Amino acid sequence: MTRRATLAGISAGLLLLGCSVGAPTKSEPKPESAPLSAASADADATTTAEAIGLLRGGTAFVNQTSYRSDVDIASQVTSLSHTDNVHKRLTAKVAAPGGAIEIRMIDDEVYMKTSLSRGVGDGWMVLDPARVPSDFGLSFAPGKNDSGGSGRLIDAIVTARADGPEISGTIDATRIAAGNGISFRPGPGGVFPDSARRHAFRASLDTEGRLVSFLMPEAGGLPNASLRYSDFGTTVTVARPPGAVAAPDALYPQLGLGGGK
């Protein structure tokens with residue numbers, strides 16, 4: 001895992017958790033299989049669409065109540081955030097090899113301190129939203145306000161099947177768009193292993209139909225990764241850090257997908 005991968009970008013107040021996968025493995029011959037009938041293919045597509053519908057419905061809480069999100073990639077990069085989009089409050093901390101980033105958001109105010117950026121000190125800073133890169137999307141706006149990044153995972157699902165509150169299937173890790181939460185980058189040569197396009201996942205809904213976990217096991221060169229939601233409805237209190245200063249010019253080029261080399 002590289003420093004560039006861990007300091008890739010921030011969205012909805014949370015550092016993009018990225019991990020570079022290993023070198024692609026040599027492709028093995030694929031066993032021949034009988035072609036699916038049209039009826040079977042339609043049934044599989046319907047099953048997948050129904051499961052995806054449950055997952056999308058399971059993330060409606062993002063716009064309705066406060067919640068906690070935890071992300072872990074190979075126990076190397078972790079994040080913990082408490083988000084209340086209704087009242088526009090967020091706290092987040094990302095730990096990565098070599099340091100950490102903390103963020104606090106109150107309405108349109110964004111505060112950050114980091115030990116991963118160069119030449120900016122280690123105290124609290126106030127960010128100027130007009131100066132941050134577009135892929136450093138700090139926002140409470142619907143569609144951009146999920147600190148766990150579940151929508152990007154759901155968008156990359158290839159097949160899925162629901163068994164009560166448990167949903168399992170395959171996901172194309174190469175299609176997981178940039179953003180906060182789980183994200184992967186290709187290894188040397190800019191190539192993903194073939195298996196990354198049909199990587200296993202499993203997810204769980206709670207008794208109220210809310211998404212509470214999305215897990216991707218280690219396999220085929222990709223590390224294990226997990227996203228969990230909890231603490232629904234808990235009050236999120238955010239204090240303005242005393243002594244925060246305007247972020248220096250040196251910080252902004254290091255934010256977003258172009259920073260942190």
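Every value quoted in this text rests on a predicted model; they were computed, and no experiment measured them.
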I'd like to check the side chain to side chain donor-acceptor pair (under 3.5 Å) partners of [X]; sequence neighbours left out, ordered by chain and number.
X      : value
Asp249 : Arg131
Glu50  : none
Asp128 : none
Asn224 : none

Interatomic spacing from [atom1] in [X] to [atom2] in [Y] - rounded to 0.5 Å:
X      : Y      : atom1 : atom2 : answer
Ile182 : Asp72  : CD1   : CG    : 9.0 Å
His199 : Phe192 : NE2   : CZ    : 11.5 Å
Arg198 : Thr174 : CZ    : OG1   : 12.0 Å
Arg161 : Thr47  : CZ    : OG1   : 4.5 Å
Ser139 : Lys88  : OG    : NZ    : 8.5 Å
Ser115 : Glu102 : OG    : CD    : 9.0 Å

**Message:** Checking Thr159 against Thr48: is there a side-chain donor and acceptor pair closer than 3.5 Å?
**Reply:**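 No, no side-chain donor-acceptor pair sits under 3.5 Å.
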**Prompt:** Are Ser147 and Thr83 close enough that a side-chain donor and a side-chain acceptor fall under 3.5 Å?
**Reply:**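 Per modelled atom types, Ser147 and Thr83 side chains form a pair under 3.5 Å.
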For [X] and [Y], work out which heavy atoms get closest and say how close.
X      : Y      : value
Ser213 : Arg228 : CB-NH1, 3.9 Å
Ala173 : Leu222 : CB-CD2, 3.4 Å
Gly209 : Leu205 : O-CD2, 3.9 Å
Leu153 : Ile171 : O-CD1, 3.3 Å
Ala244 : Val126 : CB-CG2, 3.8 Å
Pro253 : Ala250 : CD-O, 3.5 Å

Run the salt bridge (Lys or Arg N to Asp or Glu O under 4.0 Å) test against [X] and tell me which residues pass, sequence neighbours left out.
X      : answer
Arg210 : Asp206, Glu208
Arg175 : none
Asp84  : none
Asp122 : none

Kindly indicate whether the side chain of [X], heavy atoms from C-beta on, has any atom under 4.5 Å from the side chain of [Y].
X      : Y      : answer
Phe201 : Ile157 : yes
Val94  : Val77  : yes
Asn145 : Asn63  : yes
Val245 : Trp124 : no
Met112 : Leu255 : yes
Ser226 : Val71  : no
Val212 : Phe232 : yes
Ile154 : Arg56  : yes

**Message:** Checking Ser168 now: which residues fulfil side-chain contact (heavy atoms from CB on, under 4.5 Å) with it, not counting sequence neighbours?
**Reply:**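 Arg202.
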**Message:** Under the rule for side-chain contact (heavy atoms from CB on, under 4.5 Å), what residues qualify as partners of Ala162, not counting sequence neighbours?
**Reply:**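 Scan of Ala162 (side-chain contact (heavy atoms from CB on, under 4.5 Å), adjacent residues dropped) gives Ala51, Leu54, Ile167.
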**Message:** Would Tyr111 and Leu127 count as a side chain to side chain contact (heavy atoms under 4.5 Å, CB included) here? Give the steps.
**Reply:** CA-CA 6 Å; Tyr111 302 90; Leu127 272 63; over 6 Å; no
Flag yes if [X] and [Y] sit in one hydrophobic cluster, no otherwise; membership is Ile, Leu, Val, Met, Phe, Trp, Tyr, and two members link when side-chain heavy atoms are under 4.5 Å apart.
X      : Y      : result
Met125 : Ile101 : yes
Leu211 : Leu215 : no
Leu80  : Val236 : no
Phe140 : Val238 : no

**Prompt:** So, does Ser204 use its side chain to make a donor-acceptor pair with the main chain of Glu166 at under 3.5 Å?
**Reply:**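 Answer holds: no.
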**Side-chain donor/acceptor of Arg89 to backbone N/O of His87, under 3.5 Å** =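 Answer holds: yes.
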**Request:** State which residues pass ring-ring contact (aromatic ring centres under 6.0 Å, His included) with Tyr67; sequence neighbours excluded, sorted by chain then number.
**Result:**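 Here the qualifying residues are Phe61, Tyr229.
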**Asked** Salt bridge check: are Asp70 and Arg68 linked by an N-O gap of less than 4.0 Å?
**Response**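 Yes, charged N to carboxylate O under 4.0 Å.
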**Item:** More than 12 heavy atoms of other groups within 6.0 Å of Asp107 CG
**Value:**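 It does: Asp107 CG has more than 12 such atoms within range.
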**Item:** Check against side chain to side chain contact (heavy atoms under 4.5 Å, CB included), Ile103 and Thr91
**Value:** CA-CA 6 Å; Ile103 292 175; Thr91 65; over 6 Å; no
**Request:** Enumerate the residue pairs fulfilling side-chain hydrogen bond (donor to acceptor under 3.5 Å, both in side chains) with a member in residues 231-241, sequence neighbours excluded, ordered by first and then second residue.
**Result:**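 Qualifying pairs, neighbours excluded: Glu109-Arg240.
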